[in-house]
2 protein chains.
Amino acid sequence: MPDHGERQLLLLGLLRHQEMHGYQINEFIDEQMAFCVDLKRSTAYYLLERLRHEGYVTEETERTGNRPERRVYRITPAGETHFQALLRTNLATYTPPTYANDIGLIFHHHLPPAEVRTLLETRRQNILAHQEKLKSLATVLPADHLAIIRHHLIHVAAELDWIEEQLS
Amino acid sequence: MPDHGERQLLLLGLLRHQEMHGYQINEFIDEQMAFCVDLKRSTAYYLLERLRHEGYVTEETERTGNRPERRVYRITPAGETHFQALLRTNLATYTPPTYANDIGLIFHHHLPPAEVRTLLETRRQNILAHQEKLKSLATVLPADHLAIIRHHLIHVAAELDWIEEQLS
DNA sequence: TTCGCTATACTCAAGTCTGACTATTTCGGT
DNA sequence: ACCGAAATAGTCAGACTTGAGTATAGCGAA
């Protein structure tokens, strides 16, 4: 995945709130952000190293008790500036997503129509399952995320509209 | 970007229709598919090499006139089988996209509300511009793509609904 | 107390992706 | 006939991503 800056924005945004060590950042992302951002743990470490190289965060190794060393990251003034720039760009930009499942539809005529119908019916079930998962997320995650969950729910609804159009 | 198979599906699907050389494939993708799939030229060459390694296509160098050598790709029987498998999976699956601009909204309170509003207004203009581009694509691309363009248009409409909700 | 399981904290080799570059041919205009 | 621009056809170093692996600490049960 190329770098459009939203993952740096996320990391800087978290560090702006409070200093954190890598594991803590990853835990937070996995628990609260995974539904709207794709960022694996090892990638986060890589990006933090890059942010450090670019002077946007500082890294300090610390140790609590006998636990292994951990690196605590803190945002720098340059990082704050960069954060604001990324935020402004992100808010003003529209990056159309790519829908991985579009490709199949281009070639649907390579299969018998009845089978295509069955397969798309299965897809519809998967969309419904995803919709339920999003709805339950709304009751678990903090209120800041409600707008984003709504965003996803609106798109899932659109997806269901479209696939029902295809099935009819 | 990890490999979920849709790009292989696309390449095999094109080669299933007719043998092609690399440049020709890339031209076709750039002209007809770029709006719904993200696949750069060098990546296409890389994937074709991989498909060859896996026995799904064969590669034959040919030369027309004095032009530089070109590699002609042909799908193999194993490739046909693989194509069908990928197609079935693709049709039955729902892969929720990630919306890169969601991140900004999480941190919107780091900017004055009035500025956020202005920035989102700009985003709205960008969405509208994208919508127009999609509409004009519908008049240019072959009819096979209409369902996909409709898919995109439905999502763009959803996006506009959502952002207007945020602005109100 | 000791065995195994989970949590803590990363590291790295291998896979994947692409912007920038190379090199030749054809073609329209002057 | 010659020049510059566009088309043809890819290559590759370097950047990005991630699954699998490493290593230690705490903690509950037998």
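So you know, we letter chains A, B, ... as the sequences are listed, proteins then strands, and number each from 1.
- A donor-acceptor pair shorter than 3.5 Å cannot be found between the side chains of B/D144 and A/H109.
- Taking atom CZ of B/F28 as the reference point, atom P of D/dA7 lies 19 Å away to the nearest angstrom.
- Counting only heavy atoms from C-beta on, A/H21 has its side chain closest to C/dC10 among C/dC10, C/dT18, D/dT8.
- One finds the CZ atom of B/F35 at 5.5 Å from the CG atom of B/L141 (value rounded to the nearest 0.5 Å).
- Among C/dC17, C/dT8, D/dA9, the nucleotide with an atom closest to any side-chain atom of B/Y23 is D/dA9.
- The distance from atom CG of B/L39 to atom P of D/dG10 is 15 Å, rounded to the nearest whole Å.
- Across the protein-nucleic acid pair, B/E6 atom CD and C/dT16 atom P stand 13 Å apart, rounded to whole Å.
- As rounded to whole Å, 14 Å separates atom P of C/dT16 from atom CG of B/L48.
- Ring planes of B/H155 and A/Y99: parallel class, angle under 30° (limits at 30 and 60°).
- The phosphate of C/dC17 has neither OP1 nor OP2 within less than 4.0 Å of any side-chain N or O from B/R41.
- Without hydrogens or angle criteria, B/T81 side chain to B/P77 main chain gives a donor-acceptor distance under 3.5 Å.
- End-to-end axis angle for the helix from C/dT1-D/dA30 to C/dT30-D/dA1, using five pairs per end and rounding to 10°, comes out at 10°.
- B/R50 has a side-chain polar atom (N or O) that falls below the 4.0 Å cut-off from OP1 or OP2 of C/dT16.
- A/E159 and B/H151 are linked by a side-chain donor-acceptor pair at a separation below 3.5 angstrom, with hydrogens and angles left out of the test.
- One atom, CG of B/L47, and another, P of C/dG15, lie 15 Å apart when rounded to the nearest Å.
- Checked against the 6.0 Å centroid threshold, A/Y73 and A/H21 do not count as a close aromatic pair.
- The side-chain tip of B/R88 does not point at the ring of B/F83 from less than 6.0 angstrom away and within 45° of straight on.
- The CE atom of B/M20 sits 16 Å away from the C1' atom of D/dA9 (whole-angstrom rounding).
- The distance from atom CD of A/Q24 to atom C1' of C/dC10 is 15 Å, rounded to the nearest whole Å.
- Atom CD of A/E27 is separated from atom P of C/dA7 by 9 Å (rounded to the nearest Å).
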Could you list, one pair per line, each protein nitrogen or oxygen that sits under 3.5 Å from a nitrogen or oxygen of nucleotides 19-21 of chain D, together with the distance?
from	atom 1	to	atom 2	distance (Å)
D/dG19	O6	A/S42	OG	2.6

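- A cation-pi arrangement is not found for A/R124 relative to B/Y94, the charged atom failing to lie both closer than 6.0 Å to the ring centre and inside a 45° cone about the ring normal.
- Look at B/Y46 and you won't find any side-chain N or O under 4.0 angstrom from OP1 or OP2 of C/dC17.
- Surrounding CZ of A/R52 are more than 12 heavy atoms belonging to other residues, nucleotides or ligands, all under 6.0 Å away.
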